[in-house]
Amino acid sequence: MKWLKWIAAILAAAALVLAALWFWLPQDAGLKPRQKMLLQQKPLPEHAVVARLVVRKGAREMDAYDEAGMLLKTYPISLGFNPQGHKQFEGDGKTPEGSYVINDRNPNSGYHKNLGVSYPNAQDKAFAKSQGKSPGGDIKIHGLPNGSGGIGARHLLRDWTNGCIAVTDAEVDELYRHVKYKAQIDILP
């Protein structure tokens with residue numbers, strides 16, 4: 001019985017050490033050079049208006065364009081926990097692919113702030129219905145879970161959302177200020 005207490009104590013100590021290391025590591029520890037470079041970009045100009053977003057799932061990047069089609073900035077992103085392919089059903093962990101619009105804004109999200117994506121469209125709904133399933137919904141561009149902002153850019157180390165597009169809290173603040181309502185969002189494989 002005494003050995004169980006020793007094992008429990010050792011495991012607890014190891015968990016504390018790992019947790020401490022996690023918070024003391026630099027925000028960009030373990031990230032790819034391209035992700036580190038993207039995180040060093042200057043903020044968008046104060047009066048910039050983002051009219052179109054292009055998500056490149058394979059690259060784990062999201063490009064922001066102005067009305068004239070000029071690239072303003074590229075953001076590193078995390079996706080749904082099962083990112084390959086187009087979202088078809090609720091709970092599949094996939095991020096949708098296709099053309100949608102930004103149709104909502106939530107300053108009181110459970111993930112700092114968010115911008116709503118108009119998934120599912122009529123085609124998505126029809127396919128899911130033909131399979132007797134729900135297409136899901138509530139696809140967002142969002143920050144980190146409330147109370148977890150200290151994770152910062154380390155969220156990029158894996159795909160972790162339920163199908164949404166995740167950025168840091170500072171990045172979603174910037175997008176929230178600059179992305180116009182009904183901006184086009186094209187989500188590519």
Side-chain angles (χ1 to χ4, degrees), residues 22-23 25-46 48-66 70-84 87 93-119 136-189:
W22 176 260
F23 285 103
L25 285 173
Q27 283 290 317
D28 62 2
L31 299 182
K32 297 174 185 165
R34 170 93 174 150
Q35 291 171 314
K36 290 179 182 182
M37 186 271 301
L38 292 174
L39 291 166
Q40 298 303 314
Q41 296 175 97
K42 293 180 182 176
L44 290 174
E46 184 179 334
V49 175
V50 175
R52 180 174 179 234
L53 296 165
V54 176
V55 173
R56 294 176 286 113
K57 289 173 53 175
R60 302 300 189 274
E61 293 181 4
M62 179 171 61
D63 301 322
Y65 294 91
D66 68 9
M70 186 174 100
L71 178 63
L72 298 172
K73 191 169 183 176
T74 299
Y75 298 86
I77 60 172
S78 290
L79 300 170
F81 62 84
N82 184 23
Q84 300 298 318
K87 182 167 194 64
K94 296 182 182 299
T95 301
E97 295 173 358
S99 293
Y100 302 94
V101 296
I102 300 300
N103 65 349
D104 191 25
R105 303 167 105 55
N106 183 355
N108 301 308
S109 167
Y111 293 83
H112 189 62
K113 287 181 182 156
N114 72 48
L115 298 172
V117 176
S118 63
Y119 175 88
D138 287 333
I139 300 298
K140 312 289 184 186
I141 298 169
H142 62 65
L144 302 175
N146 291 341
S148 301
I151 293 171
R154 290 181 294 233
H155 83 94
L156 298 168
L157 293 173
R158 66 183 184 92
D159 292 315
W160 57 272
T161 75
N162 288 324
C164 296
I165 300 157
V167 294
T168 65
D169 289 351
E171 290 168 333
V172 81
D173 284 340
E174 181 174 72
L175 289 162
Y176 193 90
R177 284 191 305 275
H178 293 281
V179 174
K180 75 176 193 172
Y181 183 68
K182 297 292 185 185
Q184 179 77 26
I185 178 166
D186 296 313
I187 306 173
L188 310 174

Can you see which heavy atom on Val101 is nearest to which on Ile185, and at what distance?
N-CG2, 3.9 Å
How far apart are the closest heavy atoms of Leu72 and Val50, and which atoms are they?
CD1-CG2, 4.0 Å
Nearest 0.5 Å please: distance from the CH2 atom of Trp160 over to the CG atom of Leu79.
11.0 Å
Using 0.5 Å steps for rounding, measure from the CD1 atom of Ile165 to the CE atom of Met62.
6.5 Å
Residues which pass side chain to side chain contact (heavy atoms under 4.5 Å, CB included) with Asn106, listed by chain and number, not counting sequence neighbours:
Asn108, Ser109, Asn114
Where Pro43 and Lys73 come nearest, the two heavy atoms and their spacing:
CA-NZ, 3.9 Å
Non-neighbouring partners of Ser99 that pass side chain to side chain donor-acceptor pair (under 3.5 Å), sequence neighbours left out:
Asp186
Check the pair Glu171 / Leu39 against side-chain contact (heavy atoms from CB on, under 4.5 Å), numbers first and verdict last.
CA-CA 9 Å; Glu171 290 168 333; Leu39 291 166; 3.6 Å; yes
Any donor and acceptor pair, going by atom type alone, linking the side chain of Asp169 with main-chain N or O of Leu144 inside 3.5 Å?
yes
Can you tell me if Asn162 uses its side chain to pair, donor with acceptor, with the backbone of Gly93 under 3.5 Å?
no
Main chain of Tyr100, side chain of Ser118: is a donor-acceptor contact present, judged purely on distance under 3.5 Å?
no
Pairing residues for Tyr111 by the side chain to side chain donor-acceptor pair (under 3.5 Å) criterion, not counting sequence neighbours
none
If you look at every heavy atom in Pro76 and Leu38, which pair is closest and at what distance?
CD-CB, 3.8 Å
So does His155 get a backbone contact from the side chain of Ser78, meaning a donor-acceptor N/O pair under 3.5 Å?
yes
Applying salt bridge (Lys or Arg N to Asp or Glu O under 4.0 Å), which residue pairs with at least one partner in residues 101-110 are found, sequence neighbours left out?
Asp104-Lys140
For Lys113, give me all partners under salt bridge (Lys or Arg N to Asp or Glu O under 4.0 Å), at least two apart in sequence or on another chain.
Asp173
Taking the side chain from Gln40 and the backbone from Met37, do they hold a donor-acceptor pair closer than 3.5 Å?
no
Got a sec, which pairs hit salt bridge (Lys or Arg N to Asp or Glu O under 4.0 Å) with one end in residues 30-46, sequence neighbours left out?
Arg34-Glu61
Asp63: partners by salt bridge (Lys or Arg N to Asp or Glu O under 4.0 Å), with sequence neighbours left out
Arg56
Output yes when a side-chain donor or acceptor of Thr95 lies under 3.5 Å from a complementary backbone atom of Gly163, and no otherwise.
yes
Rounded distance [0.5 Å steps], CD in Gln35 versus CG in Leu156:
5.0 Å
If I take atom NE2 from residue His112 and atom NE2 from residue His142, how far apart are they, to the nearest 0.5 angstrom?
12.5 Å
Once side chain to side chain donor-acceptor pair (under 3.5 Å) is applied, do any residues pair with Tyr75, and if so which ones, sequence neighbours excluded?
Glu174
Partners of Asp159 by salt bridge (Lys or Arg N to Asp or Glu O under 4.0 Å), sequence neighbours excluded?
Arg60
Quick one: CG on Leu115 to CG on Leu53, what's the gap to the nearest 0.5 Å?
8.0 Å
State which residues pass side chain to side chain contact (heavy atoms under 4.5 Å, CB included) with Ala183; sequence neighbours excluded, sorted by chain then number.
Ile102, Val179, Lys180
By salt bridge (Lys or Arg N to Asp or Glu O under 4.0 Å) - contacts of Asp138 (at least two apart)
none
